[in-house]
Amino acid sequence: MAGTAPIPADELRSAVDPVRPWLAGEVERPSRAVVGAAVKTSARWLAQQVPGRSVELRVPPHVAVQCIEGPRHTRGTPPNVIETDAATWLRLASGLITWADAVAEGTVVASGNRADLSALLPLRPLTRP
């Protein structure tokens, strides 16, 4: 995340709010650009909150970010990888599903002893009282 401006919480909410009706099953999937903006912004917001290079979060085809302090990965496939689809990531980030449920359902594939985001999700600015 070096060299990029921090993402304010309001910007995170603004990127994710347009996909909330889709995540709730109320409307059809928004455009790829709208979904992509929500995924990229939320993943990058997570990476700025827990900077590091020991875990790679992949949400293809939209984004891959490295986060969480620990042993730095520099070459090849990282030892701690989390991969999921856009809808699952956005539901996790928004608190619509839990990490444990997503892993149990197989919608999140996590490998490595640091590949667990349960303590970091949902993203605080996306939870509603």
* Asked: Of all heavy-atom pairs between Ala37 and Ala15, which one has the smallest distance, and what is that distance?
  -> O-CB, 4.0 Å

* Give the minimum heavy-atom separation between Pro21 and Asp17, together with the two atoms involved. => CD-O, 3.7 Å

* Which value, rounded to the nearest 0.5 Å, describes the distance between Leu92 atom CG and Leu57 atom CG? -> 9.5 Å

* Asked: Which value, rounded to the nearest 0.5 Å, describes the distance between Glu56 atom CD and Cys67 atom SG?
  -> 9.0 Å

* Smallest separation among heavy atoms of Ala87 and Leu23, with atom names -> O-CD2, 3.8 Å

* So, does Ser111 use its side chain to make a donor-acceptor pair with the main chain of Asn80 at under 3.5 Å? -> no

* To do: Mark yes or no for whether Gln48, through its side chain, and Ile7, through its backbone, hold a donor-acceptor pair below 3.5 Å.
  => yes

* Using a strict cut-off of less than 4.0 Å between a Lys/Arg side-chain nitrogen and an Asp/Glu carboxylate oxygen, indicate whether Glu11 and Arg13 qualify as a salt bridge. => no

* Asked: Can you find a heavy atom in the side chain of Trp45 that is under 4.5 Å from one in the side chain of Pro125?
  -> yes

* **Minimum heavy-atom distance between Pro122 and Ala93, given as atom pair plus value** => CB-O, 3.3 Å

* If you take all heavy atoms of Ala115 and Val81, which pair is closest and at what distance? -> CB-O, 3.8 Å

* Side chain Ser42, main chain Val39, donor-acceptor under 3.5 Å -> yes

* To do: May I ask you to test the Val35-Arg29 pair for a side-chain heavy-atom distance under 4.5 Å?
  => yes

* Measure the spacing between CH2 of Trp89 and OG of Ser94 and express it to the nearest 0.5 Å. => 9.5 Å

* Do Glu83 and Thr107 come close enough that some side-chain heavy atom pair is under 4.5 Å? -> no

* To do: Report the distance from atom CZ of Arg91 to atom CZ of Arg20, rounding to the nearest 0.5 Å.
  => 12.5 Å

* **Atom pair CZ/CD1 of Arg114 and Ile68 - distance to nearest 0.5 Å** => 8.0 Å

* Asked: What are the two closest non-hydrogen atoms of Val16 and Leu90, and how far apart are they?
  -> CG2-CD2, 4.5 Å

* **Option from Val108, Val103, Asp101 for which side-chain contact (heavy atoms from CB on, under 4.5 Å) with Glu105 holds** => Asp101

* Are Leu120 and Val109 linked, directly or through other ILVMFWY residues, by side chains that come within less than 4.5 angstrom of each other? -> no

* Where do Leu46 and Val65 land on the side chain to side chain contact (heavy atoms under 4.5 Å, CB included) test, with the steps shown first? -> CA-CA 9 Å; Leu46 172 70; Val65 297; 5.7 Å; no

* To do: Go through the steps to decide whether Leu117 and Val50 satisfy the test side chain to side chain contact (heavy atoms under 4.5 Å, CB included), and finish with yes or no.
  => CA-CA 10 Å; Leu117 299 179; Val50 286; over 6 Å; no

* **Polar side-chain atom of Thr84 near backbone of Val59 as donor-acceptor pair, under 3.5 Å** => no

* Pairwise distance CG(Asp85) to NE2(His62) - rounded to 0.5 angstrom -> 9.0 Å

